[in-house]
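Residue numbers run from 1 in the order of the sequence given. All figures in this text were calculated on a predicted structure; none of them were measured in a lab.
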Amino acid sequence: MVTFNPNEVVFEKIRYIEEFDPTTKQLLSRLTNVKEPTLNFSSEGTPVTDAQGTEIVTFYNAAQGTLSYTNAIHSFDLLAEQFSSEKNIASDDNTIVAPVSEVLEIANNKVTLRYVPVGPEGAEIPYVQLVNDENEFGETLEASAAIGEGKFTVDAETQTLTFPDGTTGRVIVNYEAEMTEAISLAKTADSMPPIRTLHVHCYFRNKCDSNIKYIGVITFPRAQIDISSVDVSLTPDGGHAVTYKLQKPYCDETGKLCEVFVYKD
């Protein structure tokens, strides 16, 4: 029987990266569009020299590493970790109040909102701005219990705003509404990113026969997102970059920073 013992292989790609809770082992997220991955390890070297200053040996300790990559698609799970925030998921029993902005055409002195506004009754929307002929801010109108010059009324139940007679054109309406299909996450000043366990799943190819595929898994028992500098691209093709600091589990005597597994597909 031939022993499976690959040495030189062709790295094909990262299939996906999985994040686990290190205590419960629960799968928390899975990123499937990883590109530009880099893995780096470093140690502190302490040279030992003789009486003449000749180096005899160097001892290395305090080993640590970094894993950096870009997810080609923006990930809110990843952003939540970079924000050190829980991702709040709305439901019928857990609505999220979110800001809304609409530009609406006034018809018969009224406009109908897409969502139900929330806030003090009758003043859920305190102000609106008319759009002038040059597509810029025009007159600002204020919510009121009765329609009058420079005033409008809000009927949250019917999602309707009513303006004085003769008001035409478009209006900019900013308000807040309760959403049952939404998510939210917040970045705070004193947040700390959680510790995760990472599994990096890879494909390798045999160097002599590219039809032979190997599966690789690189595991990192203790990984923490580096939030010392977070750059979030706000363009379609910018990707979502992230860096993890890799450290050994402090109370683990084996001191593993990572472990590599390779097996046949």
Side-chain angles (χ1 to χ4, degrees), residues 29 31-33 70-191 227 230-242:
S29 70
L31 298 174
T32 60
N33 287 273
T70 298
N71 202 57
I73 300 174
H74 190 87
S75 166
F76 287 115
D77 287 344
L78 193 57
L79 187 63
E81 284 202 46
Q82 290 175 314
F83 280 6
S84 307
S85 166
E86 293 291 331
K87 185 170 72 171
N88 188 19
I89 302 173
S91 66
D92 291 339
D93 300 324
N94 178 41
T95 59
I96 291 175
V97 177
V100 179
S101 178
E102 297 188 71
V103 180
L104 302 170
E105 193 77 30
I106 301 172
N108 298 321
N109 305 321
K110 297 178 183 290
V111 296
T112 301
L113 306 174
R114 183 172 183 178
Y115 305 99
V116 177
V118 297
E121 185 176 357
E124 292 89 349
I125 302 171
Y127 298 97
V128 298
Q129 285 74 37
L130 299 179
V131 179
N132 64 24
D133 293 337
E134 297 182 358
N135 202 31
E136 297 173 342
F137 274 9
E139 182 183 1
T140 297
L141 306 182
E142 184 178 1
S144 174
I147 298 171
E149 185 176 351
K151 308 289 185 181
F152 68 97
T153 61
V154 182
D155 188 333
E157 185 175 353
T158 62
Q159 300 167 226
T160 303
L161 307 185
T162 304
F163 302 95
D165 288 343
T167 306
T168 59
R170 292 179 299 156
V171 62
I172 301 171
V173 185
N174 288 279
Y175 60 100
E176 292 186 329
E178 290 185 342
M179 306 292 183
T180 58
E181 293 182 304
I183 63 168
S184 67
L185 47 153
K187 172 67 176 173
T188 58
D190 58 351
S191 55
I227 63 170
V230 176
D231 295 318
V232 179
S233 174
L234 298 178
T235 61
D237 59 348
H240 194 154
V242 62

Do you know which two heavy atoms are closest between [X] and [Y], and how far apart they sit?
{"X": "G239", "Y": "S233", "answer": "O-CB, 3.4 Å"}
{"X": "S144", "Y": "T153", "answer": "O-CG2, 3.4 Å"}
{"X": "L79", "Y": "H240", "answer": "N-CE1, 3.7 Å"}

Using distance only, find each side-chain donor-acceptor pair of residues 121-129 under 3.5 Å and give its atom names and separation, not counting sequence neighbours.
unit_1	atom_1	unit_2	atom_2	d
E124	OE1	G122	N	3.1
E124	OE2	G122	N	3.4

### Message
Would F163 and I147 count as a side-chain contact (heavy atoms from CB on, under 4.5 Å) here? Give the steps.
### Response
CA-CA 7 Å; F163 302 95; I147 298 171; over 6 Å; no

Check whether any side-chain N or O of [X] sits under 3.5 Å from a backbone N or O of [Y] as a donor-acceptor pair, and report yes or no.
{"X": "N132", "Y": "N135", "value": "yes"}
{"X": "S85", "Y": "A186", "value": "yes"}
{"X": "T160", "Y": "T158", "value": "yes"}

### Query
Would you say the side chain of Q82 lies within less than 4.5 Å of the side chain of V242, judging by non-hydrogen atoms?
yes

### Task
Evaluate the side-chain proximity of E139 to L141: yes if any heavy-atom separation is below 4.5 Å, no if none is.
yes

How many angstroms lie between atom [atom1] of [X] and atom [atom2] of [Y], to the nearest 0.5 angstrom?
{"X": "D93", "Y": "T180", "atom1": "CG", "atom2": "OG1", "answer": "10.5 Å"}
{"X": "I73", "Y": "L31", "atom1": "CD1", "atom2": "CG", "answer": "10.0 Å"}
{"X": "N71", "Y": "S29", "atom1": "CG", "atom2": "OG", "answer": "9.5 Å"}
{"X": "M179", "Y": "I96", "atom1": "CE", "atom2": "CD1", "answer": "9.5 Å"}
{"X": "N33", "Y": "H74", "atom1": "CG", "atom2": "NE2", "answer": "13.5 Å"}
{"X": "E178", "Y": "D92", "atom1": "CD", "atom2": "CG", "answer": "11.5 Å"}

### Message
Between L161 and V173, does the side-chain contact (heavy atoms from CB on, under 4.5 Å) criterion hold? Intermediate values first, please.
### Response
CA-CA 10 Å; L161 307 185; V173 185; 4.0 Å; yes

All N/O donor-acceptor pairs, side-chain side in residues 106-119, below 3.5 Å, sequence neighbours left out:
unit_1	atom_1	unit_2	atom_2	d
N109	OD1	G166	N	3.2
N109	ND2	D165	OD1	3.1
K110	NZ	T162	OG1	3.0

### Task
Take F137 and I172, measure what side-chain contact (heavy atoms from CB on, under 4.5 Å) needs, and give me the verdict at the end.
CA-CA 9 Å; F137 274 9; I172 301 171; 3.4 Å; yes

### Task
Assess whether side-chain contact (heavy atoms from CB on, under 4.5 Å) is satisfied between K187 and I227, documenting all intermediate values.
CA-CA 11 Å; K187 172 67 176 173; I227 63 170; 4.0 Å; yes

